[in-house]
Amino acid sequence: MNKLPWIMAGMWLAARLIAAQFMTIENAKNFGVLSNVLLILILIFLTVFFKHKTLGHKLPTFLEDLKDCMKSAMKYVLGAVAAIALFYGVLSDDVQKIRETRINTFNTEIQDEANFNKIRTEHPELKDMTREQLIQTNTENVERYVSVHMQIIGSLLALTFVSFAYALLAVLLWRGFMLRNSNIKGA
């Protein structure tokens, strides 16, 4: 069970590489996100299942269960974030393609006078900016927020939050199930 989180992170990387070959960038990205969530969920339930299976009739505390689930999940999160860094930083040019698409789409849309006026109307802070200034501002924002660095930070934060939420939920559900279907009392 100790190596399982690392193996699952490697499986995620392999699945993400395969998805990149057969899906559009956005669909492959969604696949990567959802598969990470699924693997975290599976890992957490396996952790609590095997822990309770090996303990027999001695029921650990809620916090012990939560700690063990988070320990496994965080190993996976670290492995998955390393895989994400490897994928986006070395193995893929998805970040650059997304940047180019967003910049080109904005540049095309801003050339239409109706879209230009709509942006300036909807965003009063931009009303005095010229078309060229809006293009420059958009380009800077895209280059700042669509990057490998932001993918890594966002993934780390999101996967940590998902891990905690699912660990908490899994322990609550498992303990409710165990206490209801067992002769063990007092937990």
Quick one, [X] and [Y] - any side-chain contact, counting heavy atoms below 4.5 Å?
| X | Y | answer |
| --- | --- | --- |
| Phe164 | Thr160 | no |
| Val37 | Leu41 | no |
| Phe49 | Trp174 | yes |

Going by salt bridge (Lys or Arg N to Asp or Glu O under 4.0 Å), name the residues that satisfy it together with Glu113, two or more places apart in sequence or in a different chain.
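Once residues adjacent in sequence are excluded, the partners of Glu113 under the salt bridge (Lys or Arg N to Asp or Glu O under 4.0 Å) criterion are Arg131.
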Which heavy atom of [X] sits nearest a heavy atom of [Y], and at what distance?
| X | Y | answer |
| --- | --- | --- |
| Ala80 | Leu159 | CB-CD1, 4.1 Å |
| Ser163 | Ile40 | OG-CD1, 3.6 Å |
| Leu39 | Met8 | O-CE, 3.3 Å |
| Ala170 | Ile44 | CB-CG2, 3.4 Å |

Supply the atom-to-atom distance [X] [atom1] to [Y] [atom2], rounded to the nearest 0.5 angstrom.
| X | Y | atom1 | atom2 | result |
| --- | --- | --- | --- | --- |
| Phe31 | Ile18 | CZ | CD1 | 8.0 Å |
| Ser92 | Ile84 | OG | CD1 | 12.0 Å |
| Asp93 | Arg99 | CG | CZ | 12.0 Å |

Could you pull out every donor-acceptor pair under 3.5 Å between side chains of residues 147-157 and any protein atom, sequence neighbours left out?
{"unit_1": "Ser147", "atom_1": "OG", "unit_2": "Met150", "atom_2": "N", "d": "3.1"}
{"unit_1": "Ser155", "atom_1": "OG", "unit_2": "Gln151", "atom_2": "O", "d": "2.6"}

Residues 72-79 side chain polar contacts: donor-acceptor under 3.5 Å, at least two apart:
{"unit_1": "Ser72", "atom_1": "OG", "unit_2": "Thr47", "atom_2": "OG1", "d": "3.1"}
{"unit_1": "Lys75", "atom_1": "NZ", "unit_2": "Asn2", "atom_2": "OD1", "d": "2.9"}
{"unit_1": "Tyr76", "atom_1": "OH", "unit_2": "Asn36", "atom_2": "OD1", "d": "2.4"}

For residues Leu34 and Leu38: do they belong to one hydrophobic cluster (side chain heavy atoms under 4.5 Å, members Ile, Leu, Val, Met, Phe, Trp, Tyr)?
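Different hydrophobic clusters.
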Contacts table for residues 60-70: side-chain donor-acceptor under 3.5 angstrom, sequence neighbours left out:
{"unit_1": "Thr61", "atom_1": "OG1", "unit_2": "Glu64", "atom_2": "N", "d": "3.2"}
{"unit_1": "Glu64", "atom_1": "OE1", "unit_2": "Thr61", "atom_2": "N", "d": "2.9"}
{"unit_1": "Asp65", "atom_1": "OD1", "unit_2": "Lys51", "atom_2": "NZ", "d": "3.3"}
{"unit_1": "Asp65", "atom_1": "OD1", "unit_2": "His52", "atom_2": "NE2", "d": "3.3"}
{"unit_1": "Asp65", "atom_1": "OD2", "unit_2": "His52", "atom_2": "NE2", "d": "3.0"}
{"unit_1": "Asp65", "atom_1": "OD2", "unit_2": "Arg175", "atom_2": "NH1", "d": "2.9"}
{"unit_1": "Asp68", "atom_1": "OD2", "unit_2": "Lys51", "atom_2": "NZ", "d": "2.4"}

Run Ile98 and Glu26 through side-chain contact (heavy atoms from CB on, under 4.5 Å) and show every step you take.
CA-CA 9 Å; Ile98 292 169; Glu26 286 300 318; 4.3 Å; yes
Judged by atom type as modelled, is there a donor-acceptor pair below 3.5 Å linking the side chain of Gln111 to the main-chain atoms of Thr108?
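Side chain of Gln111 to backbone of Thr108, a donor-acceptor pair under 3.5 Å: no, none is there.
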Verify, without hydrogens or angle tests, whether Trp12 (side chain) and Ser35 (backbone) share a donor-acceptor contact under 3.5 angstrom.
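Here the side-chain-to-backbone pair does not exist.
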Apply side-chain hydrogen bond (donor to acceptor under 3.5 Å, both in side chains) to the pair Glu140 and Gln136, showing each step before the final yes or no.
CA-CA 6 Å; Glu140 290 170 1; Gln136 181 63 31; 2.9 Å; yes
Taking atom CZ of Arg102 as the centre, does the number of heavy atoms from other residues, nucleotides or ligands within less than 6.0 Å exceed 12?
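No - once you tally the heavy atoms of other residues, nucleotides and ligands closer than 6.0 Å, there are 12 at most.
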Checking side-chain polar atoms at under 3.5 Å, does Arg16 have a donor or acceptor matched by the opposite partner on Tyr88?
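Short answer, yes.
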Checking side-chain polar atoms at under 3.5 Å, does Asn141 have a donor or acceptor matched by the opposite partner on Arg144?
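Checked: Asn141/Arg144 side chains pair up, N/O donor to acceptor below 3.5 Å.
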Tell me who clusters with Ile135, hydrophobic residues only, linked when side chains sit under 4.5 Å apart either directly or through other members.
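Phe106, Ile110, Phe116, Ile119, Leu126, Met129, Leu134, listed by chain and number.
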Identify, with sequence neighbours excluded, every residue that meets side chain to side chain donor-acceptor pair (under 3.5 Å) alongside Gln96.
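Gln96 satisfies side chain to side chain donor-acceptor pair (under 3.5 Å) with Glu100 once adjacent residues are dropped.
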